[in-house]
Amino acid sequence: MTIIVHHLENSRSQRVLWLLEELSLPYEVRRYQRDKATMLAPPELKSIHPLGKSPVIEDLAAAGGDRTVIAETGAVVEYLVEKCDGRLGTPARREDVLRYRFFLHYAEGSVMPPLLVKLVLSRVPVLGKVAMKRIQPMIDVHLDYIEAELASRPWFAGESFTAADVMMSFPLEAARSRGGLDEGRPATIAWLEKVHARPAYQAALAAGGPYAFA
């Protein structure tokens, strides 16, 4: 076992488990529970990385024989793809390469922020509900864009499944749960169903434990 995944329940780190399964890389899962009052990661994670967040991985067999710690989902995904000599990474066609890079960063850089704001506002009595009405149109812009993209091709980067699809899974699962994604956007729903049916995805669910967004 060379890779340890410090996995927080119901979090972005589920994508890391999924990618590891897709790449057939051996790994060990160390699970962490959220603080019931704050819903934040427990303080023990700070002993792994100063930010105390998940996902974070430890590669015990990194190049040079050193223990390597990687945090941030996108950085972890790129590290694992590189470790597997580019498998599930950048496609061959130039236009697909550009899509791959875009969606790899778009997932956390653009789609997740309004979804997170909506989650926070949902916990604020009265005023939060009013403010949420202003956030939903921002989310809808992204969902409409994603629907148009997936209506034109089977995967985010083109004709083949890549790590960009792994990155896009969590924001779309969150949108399905609380962001207004429904059957009115059939291409996106079909993509989610296709993702959830992948054997590697199912194996990652078994490894990670309960996951509210599947």
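When a residue number appears, it is its place in the shown sequence, counting from 1. The structure displayed is predicted, hence computed values, not measured ones.
- Donor-acceptor pairing under 3.5 Å is recorded for the side chains of H6 and E58.
- Two rings, from H7 and Y32, have their centers 6.0 Å or more apart.
- In this structure, R198 forms a cation-pi arrangement with F161, its terminal cationic atom sitting closer than 6.0 Å to the ring centre and no more than 45° off the ring axis.
- Taking the side chain as every heavy atom from C-beta outward, L51 and L45 never approach each other to under 4.5 Å.
- Heavy atoms from other residues, nucleotides or ligands lying under 6.0 Å from NZ of K53 number 12 at most.
- A donor-acceptor distance shorter than 3.5 angstrom exists from the side chain of R34 to the backbone of E9, with no hydrogens or angles considered.
- Across F170, Y201, Y27, Y211, a single residue satisfies ring-ring contact (aromatic ring centres under 6.0 Å, His included) together with W18, and that is Y201.
- For the residue pair H196 / E173, a side-chain donor-acceptor distance below 3.5 Å is found, with atom types taken as modelled.
- Applying the 6.0 Å contact sphere to CZ of R153 captures more than 12 heavy atoms from other residues, nucleotides or ligands.
- Between F103 and F156, the ring planes are tilted. Angles from 30° to 60° get that label.
- Using cut-offs of 30° and 60° on the angle between ring planes, the pair Y106 and F102 is parallel.
- For the pair R93 (side chain) and G158 (backbone), a donor-acceptor distance under 3.5 Å is absent.
- Without hydrogens or angle criteria, S13 side chain to L8 main chain gives a donor-acceptor distance under 3.5 Å.
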